[in-house]
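Sequence lines set the chain letters: A, B, ... in the order given, protein chains first and strands last, and positions in each chain run from 1.
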There are 2 protein chains.
Amino acid sequence: MTPAAPEAVPVSVPPAIAAFLPVPTPAAWVTRALTELPVLLLDHAACEQKAAATALATLHRYPQHDWLVDRMSRLAREELRHFEQVRALMQRRGVAWRALSASRYAGGLRAELRRTEPGRLVDTLLVGALIEARSCERFALLAPRLPEDVGRFYAGLLASEARHFENYLALARRVADPAEIETRLGQLAVAEAGLITRPDPQFRFHSGLPVAAAAA
Amino acid sequence: MTPAAPEAVPVSVPPAIAAFLPVPTPAAWVTRALTELPVLLLDHAACEQKAAATALATLHRYPQHDWLVDRMSRLAREELRHFEQVRALMQRRGVAWRALSASRYAGGLRAELRRTEPGRLVDTLLVGALIEARSCERFALLAPRLPEDVGRFYAGLLASEARHFENYLALARRVADPAEIETRLGQLAVAEAGLITRPDPQFRFHSGLPVAAAAA
C-alpha cells in the first residue's frame, strides 16, 4: 500500500480562545520552541501529569460538589491519556526522560488564588480556564510549524484543551455570579499576561518571553 | 422487549488470590458489610480515589522508570473510572456523600514501607499487590450476597483487581530478586493479617474484625 501523502495541518487559534487570553504568545517564544523540541515534549508531559494531579486534588478538596467531582475525575483521566500519548511520541522520537525544573507559570498563577472559600474554588476554576486556553493557543501556534507527527498530535490536543477551557468556565459560573467572574478574571489576566510577556530565562511549554529575544 | 431475567452472579475468590493472602476475611466482616451498604459504597469510592492518587504519586516519584510510569498512569485511569462507576451507583441508590474517616488499613501497611530506595519502591509495589488482592477477595465474598445491581458491579470489578494484583507483583519482580520478594512479602503479610483479624471498632471496606463479633 502506498502511504497517503501527509496532509497539511490547518490549524489556527480558536477565536474564543484568542478573545479570552489577555495577550497573544510572543512570536519569539514560538521561534524558540521550534529549536527546543525535546524540552517542549518533556515539559508538556510534565504539564499533563500535573494537570491530572491538580484535578485529583480539586475533587479531593470538594467532595460535597457532585457536579465538580465527576467532571474533575473525567478530566484527570483525559490528562493522563494525553500524558501517555506524549510519552509514546517521545519514545518514538528517542527523547529520553530527564529532570526539568518547573516553569514559573502555574506556580505564579496559583499564588493569586484567594485563601478562603468560596473564593479559592472560583479562582482555582478560573486559573484552570486560563491555563487550558493558553495551552490551546500554543498548540495551535506550534502545530503547523512542527515536524508532521508532533504537529498532527498537537492539532488533535487543541480541541481537547478548548473543551477543557469551556468546562472550567462553566464550572466557575456555578459558584460565582457574572460580576465576580469578570472582576477576578480581569485580575488573574493581569498576572497571566505578566508571566507570558516578561523575560524568562527558562524555556518551557508555558514560559514567558525568551531572554535572548528580550536582550536583542 | 422483555428484559432478560437477572442472572445469578457466580463468583468465588480466585485461587491465586486466596493462596496469596495470609488470612481469609473473617466471616463476621462479611455479615457486617451486608448491613452497612451505604458506608461500604462511600468508603469504596474513597478507596478508588486514593488508589488513583497513589498511582499518580508513584509515577511522579520514579519518572526514570518508563516501565513503571506508563503502567501507573493506566492504572490511575482505571481506578478513576471505577470511582466514577461507584459514584453513579451511589447516586442511583440515593446514597449521599458524607465525610468518612479513613480505615486503619492502608496507613497501617504504608507504615511498613522501608524508607530508602530501592527498598521503598519494592515495598510500595508489594503493598499494592496485597491491597488489590484483599479487595479482590472481598468483592468475591460480597458479590453473591449483595443486592443484584451492586453484586453485578462488584463481580465485574473483581477481574480488574485480580489483574492489578498480578501487575503489581510483576513490577516488583523487575526491581527485586525472588528471595527479597519472598522475605518482604512474608513480613508485610504479618502486618496485613493483623490489620484484617484484629478487632476494629470502625467498619470500612478494608476494616478488621468487627468489634461486636470480637466481644461475642
Side chain, backbone, both or neither of Gln91(A) within contact of chain B (heavy atoms, under 4.5 Å): side chain
Segment of Ala52(A) engaging chain B (4.5 angstrom heavy-atom cut-off): both
Using non-hydrogen atoms and a 4.5 Å limit, figure out which bit of Arg81(A) sits close to chain B: side chain, backbone, both or neither. both
Ser207(B) versus Gln202(B), side-chain donor and acceptor atoms under 3.5 Å: no
Residue from Arg204(B), His206(B), Arg110(B), Glu192(B) passing side chain to side chain donor-acceptor pair (under 3.5 Å) with Tyr105(B): Glu192(B)
Parallel under 30°, tilted from 30 to 60°, perpendicular over 60°: which one fits the rings of Phe139(B) and Phe205(B)? tilted
Considering only NZ, NE, NH1 and NH2 on the basic side and carboxylate oxygens on the acidic side, decide whether Arg87(A) and Asp66(B) come within less than 4.0 Å. yes
